[in-house]
Amino acid sequence: MSDWLTPGLAHLWLPYTQMKTAPAPLPVVSSQGVRLTLADGRELVDGISSWWTACHGYSHPHIRAAIEAQLAALPHVMFAGLVHEPAARLAARLAALLPGDLERVFFTESGSVAVEVALKMAIQYWRNLGREQKQRIVYFRHGYHGDTFATMALCDPEEGMHALFAGSMPDQIMAELPTDGNLGRAFDLLLDTHAERIAAVIVEPLVQGAGGMQMHDAATLACIGEACRRHEVLLIADEIMTGFGRTGRMFACEEAGVVPDIICLSKALTGGTLPLAATVARRHVFEAFLADDPGAALMHGPTYMANALACAAANASLDLFASEPRLAQVAAIEAQLATELAPCGELGGVADVRIKGAIGAVELCGAIDLDGLRRRFAELGVWVRPFGKVVYLMPPFVIEPDDLSLLTGAVRRVLTERAAALP
Ligand SMILES: *Cc1c(COP(=O)(O)O)cnc(C)c1O
C-alpha cells in the first residue's frame with residue numbers, strides 16, 4: 001500500500017466527516033476520462049465529477065496544455081493594479097456567454113466567496129443609491145449557498161449542515177419556492193411586506209443541489225424574477241452548481257428567460273482542475289459603484305483572486321464547450337438517466353426519482369446507512385457518494401453510454417439490495 005497514507009491520515013481533517021467513525025477515505029493516485037485509479041490499482045467510474053466540477057472528464061489534454069503553457073509564462077500575480085491576459089479574456093468571454101447585460105466580472109477562488117461578494121454587491125448597491133435600510137437577503141427552503149458565515153445563513157435551516165451555528169449567523173428571511181399560484185402570491189406578499197428592508201433574493205435556478213437535489217420548473221424561476229422586479233429587489237442567481245451546461249442549457253436561468261442582477265459561478269468553471277469562481281453583475285449594478293467618492297467602491301480582494309493558472313484553465317474549458325458537443329451530450333445523458341434510473345421509483349424505500357439535464361437523483365425514505373451505501377458503491381467499482389436522503393449521479397458530460405449504464409446499474413443494484421433488507 002502507499003507509504004504516505006497512514007502517516008498522512010494521522011494529520012488530515014476531512015470535510016463533513018465524523019473522524020471517529022467514518023470509514024477511511026480511498027487513496028487515489030490518478031484520474032483519466034471518467035475513471036479514478038486507486039493506489040491498489042482498482043478503477044472507479046466517477047458518477048459525481050468531483051463535486052460537480054469535472055464536466056469534461058479528468059486530465060483533458062486541452063486543459064492540461066493550457067495550464068502548462070500558463071505555468072511557464074505567469075502562474076500567478078496579484079490582481080490589484082496589475083492585470084493579465086487569461087483573466088481579461090475570460091471576463092470578456094463570460095460576459096459574451098451570459099444572458100443580457102451580465103457583463104462585469106469579479107473573480108474569487110471559491111463558490112462560497114463568490115456568494116459573499118454577491119451579497120456585498122447587493123447590499124452596497126442599495127447603500128450607494130441612498131437606500132441603506134435594504135440589507136436583508138431572502139433565500140429558499142432546501143437552498144445551499146456555501147459554508148462561510150454569511151452563506152450558512154442562507155442554507156436550509158433544518159436540512160442544512162449549519163444548525164449548530166444558528167446563534168452566530170446573520171438573521172435572513174427564508175421563503176418557500178413559489179411553485180404554484182398560492183405560493184406565488186405568498187412570495188409576492190413577502191417581498192411586498194419587507195421590500196424596504198430586502199436587498200436581494202438568492203436562488204439556485206432549477207435545481208437546488210447540496211440541499212437535496214430538489215428541482216423546480218422554469219415558471220417558478222420566472223415568477224421569482226417577476227416579483228423581484230416589481231418590488232425593487234435584486235435577484236442573485238447562484239449557478240455555482242447549475243452553470244456550464246449541467247441542467248441542459250449553458251446557464252439554468254436561460255430556460256426561464258430570466259436575467260438575474262448578479263450571477264455566481266464556480267464548480268465547472270475550470271472543468272474541475274483549479275479553484276476559481278466569478279461573481280458577475282449587470283451593468284446597472286456596476287454603475288451604482290461609480291462615483292467620485294472612493295468609499296462607494298467595492299471593498300473586496302482575495303489574495304489569489306483571478307489566479308492566472310485557473311483563468312487559463314477556465315478559458316480552455318470554454319474552448320471545449322465551443323468545440324465539442326457538450327449540451328448534446330447532456331441531453332443524451334438526461335434521456336439515458338430517464339430510462340435507466342426511473343425504474344428505481346418502483347423500489348421499496350424510494351420516495352422519488354428526479355432527473356434534469358445530467359443530474360439524476362433518487363430520494364430515499366426510511367433509515368439510511370450512508371457509510372454502508374458508499375462502501376457498497378465502491379465495491380461495485382463506481383464512485384457514487386450519497387448525502388442526506390439522496391443517491392445521485394452527476395457524471396462528466398463526456399461519459400460513454402456503457403459507463404453511464406455501469407453507474408445506473410450500480411444504483412439500481414444497491415437500492416434493490418437495500419429494499420430487500422428493509423424491515
Ligand atoms: C458548491 C456550492 C457553493 C459553495 O461553493 P464552494 O466552492 O464549496 O465554496 C455555493 N452554492 C452552490 C449552489 C454550490 O453548489
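Both backbone and side-chain heavy atoms feed into the values below; hydrogens, waters and symmetry mates do not. Both ligands and their constituent atoms are indexed starting at 1 by order of listing.
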Q: Take atom OH in Tyr304; do more than 12 heavy atoms of anything else shown fall under 6.0 Å from it?
A: no
Q: Residue by residue, ordered by chain and number, which ones reach under 4.0 Å of ligand 1 with a heavy atom?
A: Trp52, Ser110, Gly111, Ser112, Tyr144, His145, Gly146, Glu204, Asp238, Ile240, Met241, Lys267
Q: May I ask you to test the Cys228-Leu234 pair for a side-chain heavy-atom distance under 4.5 Å?
A: no
Q: Is it the case that more than 12 heavy atoms not belonging to Arg127 sit under 6.0 Å from its CZ atom?
A: no
Q: Taking the six-membered ring for Trp, are the ring centroids of Phe187 and Phe140 within less than 6.0 Å of each other?
A: yes
Q: If a pair satisfies side-chain hydrogen bond (donor to acceptor under 3.5 Å, both in side chains) and one of its residues is in residues 206-219, list it, with sequence neighbours excluded.
A: Asp217-Thr220
Q: Heavy-atom count around Met299 CE within 6.0 Å, excluding the residue itself: above 12?
A: no
